[in-house]
Amino acid sequence: MPELPEVETVRRSLAPLLVGRRIDRVVVGRADVVRSSFRRDRRAALGRGGVVEELVRHGKQLAFALRPAGAVHVHLGMSGQLFVTPPGAEPGRTDHVHVRWVLDDGSRLHFRDPRRFGGVWAYPSLEALRAERWERLGPDALDIRAPVLRAGLARSGRAVKACLLDQGVLAGVGNIYADESLFLARIHPLRPAASLSGAEVARLAATIRRVLCEAVAARGSTLRDFIDAEQRRGGQQDRFRVYGRRGAPCPACGRSLLSLTVAGRTSTICPSCQPNPGGSC
DNA sequence: CCTTAATCCTGGAAGC
DNA sequence: TGCTTCCAGGATTAAG
């Protein structure tokens, strides 16, 4: 479920609970959730003995960097959660908790992921993680600027929404915020990326920043199971303009919202605010 | 180049 | 009240 705003919400809520803490013990419930190829030292590989220095995010990817060395990368996939339980407290639910980090103050960090599309990777350093894994990602969507977005969309015959969802073009946007951004920018998701005018690309870049910023301020969206590090739900799901609202009136013009499939994903649009010059819908 | 479908999983909702 | 089917925030792979 998590897109950039949800991952950023986890990062912000996790940082004060984790930074400066030493990892005393790592308990792995399901080995296949640890997808790391770095096994030089299995204990160090999942951060044991390290002190958390900072939490970093790029797109939907999250990692904690450790002193004196090491980095742990977490991808939440569709149903992943990272939350901390205070010393002595019972965690709300322990089913599907695949990794537990026990910290030096007795608190515990849990990685819970029922669908197991997410995972945990270990790297010898943050630099190694960036070079080996984050290198392939496009610019972070939270501060995407028009010239950079234009470079990502130019010369592509793909549908603009397919490009927005491609993490190699733009890192952080998923199905929810792609629909929200395209609606507010008044661009049909099937428009060929290269057909967008300079003004449209500029509008889209500004809209993506606005939509993501707004969602971060609301602490993300909880459709079903998203929670932050303190197990709190997000609030942006009550403010969706089009996502998941097929048949409801367009918030701008009142016409009934439609859904179609783009890049294999359900997409909701307003047919009059987002006209498709080339197609019928 | 581009697109679709299948795949990895669980679980909630909807349909009968 | 079941039981079945479909669908979901992601990402990769293979096939057309």
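These numbers were taken from a predicted model, which means no experiment stands behind them. The chains referred to below are lettered A, B, ... by the order of the sequence lines, with proteins before strands, and numbering in each begins at 1.
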**Asked** According to the side-chain hydrogen bond (donor to acceptor under 3.5 Å, both in side chains) rule, which pairs have a member within residues 144-158 of chain A, sequence neighbours left out?
**Response** Arg158(A)-Asp166(A)

**Members of residues 108-118 of chain A that approach DNA chain B, where some heavy atom sits under 4.0 Å away** = Pro114(A), Arg115(A), Arg116(A), Phe117(A)

**Request:** Verify the contact: side-chain N or O of His75(A) to OP1 or OP2 of dA11(C), cut-off strictly under 4.0 Å; return yes or no.
**Result:** yes

**Complete:** With sequence neighbours left out, the residues meeting ring pair (Phe, Tyr, Trp, His ring centres under 6.0 Å) with His96(A) are none

**Asked** What is the nucleic acid contact for Ala162(A), judged by heavy atoms within less than 4.0 Å: base, sugar-phosphate only, or nothing?
**Response** nothing

**Message:** Strictly by ring-ring contact (aromatic ring centres under 6.0 Å, His included), give each pair with a member in residues 190-213 of chain A just once, sequence neighbours left out.
**Reply:** none

**Asked** Charged N to carboxylate O under 4.0 angstrom, Glu8(A) versus Arg11(A)?
**Response** yes

**Request:** Using a 3.5 Å limit on both pairing distances, list the dot-bracket string of DNA chain C from the 5' end; Watson-Crick and G-U wobble pairs count, crossing pairs take [ ], interstrand pairs take |.
**Result:** .|||||||.|||||||

**Complete:** Outermost contacting nts on DNA chain B, any atom under 4.0 Å from chain A heavy atoms, listed 5' then 3', are dC2(B) to dG12(B)

**Item:** Sequence-distant partners of Lys161(A), salt bridge (charged side-chain N to carboxylate O under 4.0 Å, His left out), two or more places apart
**Value:** Asp179(A)

**Contact list for residues 22-33 of chain A, test side-chain hydrogen bond (donor to acceptor under 3.5 Å, both in side chains), sequence neighbours left out** = Arg22(A)-Asp24(A), Arg30(A)-Asp32(A)

**same_hphob_cluster(Leu196(A), Phe183(A)) at 4.5 Å side-chain heavy-atom cutoff** = yes

**Asked** Counting just side-chain N and O atoms, does Arg265(A) come under 4.0 Å of either OP1 or OP2 of dG9(C)?
**Response** yes

**Asked** When you check the phosphate oxygens OP1 and OP2 of dG10(C), does a side-chain N or O of Lys60(A) lie under 4.0 Å from one of them?
**Response** yes

**Prompt:** Side-chain donor-acceptor pair under 3.5 Å between Arg116(A) and His98(A), yes or no?
**Reply:** no

**Prompt:** So, is Thr266(A) close to the dA8(C) phosphate, meaning a side-chain N or O under 4.0 Å from OP1 or OP2?
**Reply:** yes

Pairs under 3.5 Å (N/O, protein and nucleotides 12-16 of chain C):
none

**Message:** Does anything in residues 101-114 of chain A form a side-chain hydrogen bond (donor to acceptor under 3.5 Å, both in side chains)? List the pairs, not counting sequence neighbours.
**Reply:** Arg21(A)-Asp104(A), Ser79(A)-Asp113(A), Gln81(A)-Arg112(A), Thr85(A)-Arg108(A), Thr85(A)-His110(A), Asp95(A)-Arg112(A), Asp105(A)-Ser107(A)

**Prompt:** Would you say dA11(C) has OP1 or OP2 under 4.0 Å from some side-chain N or O of Gln167(A)?
**Reply:** yes

**Asked** Taking only residues at least two apart or on different chains, which pairs with a member in residues 227-236 of chain A satisfy side-chain hydrogen bond (donor to acceptor under 3.5 Å, both in side chains)?
**Response** Glu214(A)-Gln236(A), Arg219(A)-Asp228(A), Asp228(A)-Arg232(A), Glu230(A)-Arg232(A)

**Fill in**
ring-ring contact (aromatic ring centres under 6.0 Å, His included) pairs touching residues 235-258 of chain A, sequence neighbours excluded, are Phe240(A)-Tyr243(A)

**Message:** Is Gln61(A) close enough to dA11(C) that one of its side-chain N or O atoms is under 4.0 Å from OP1 or OP2 there?
**Reply:** yes

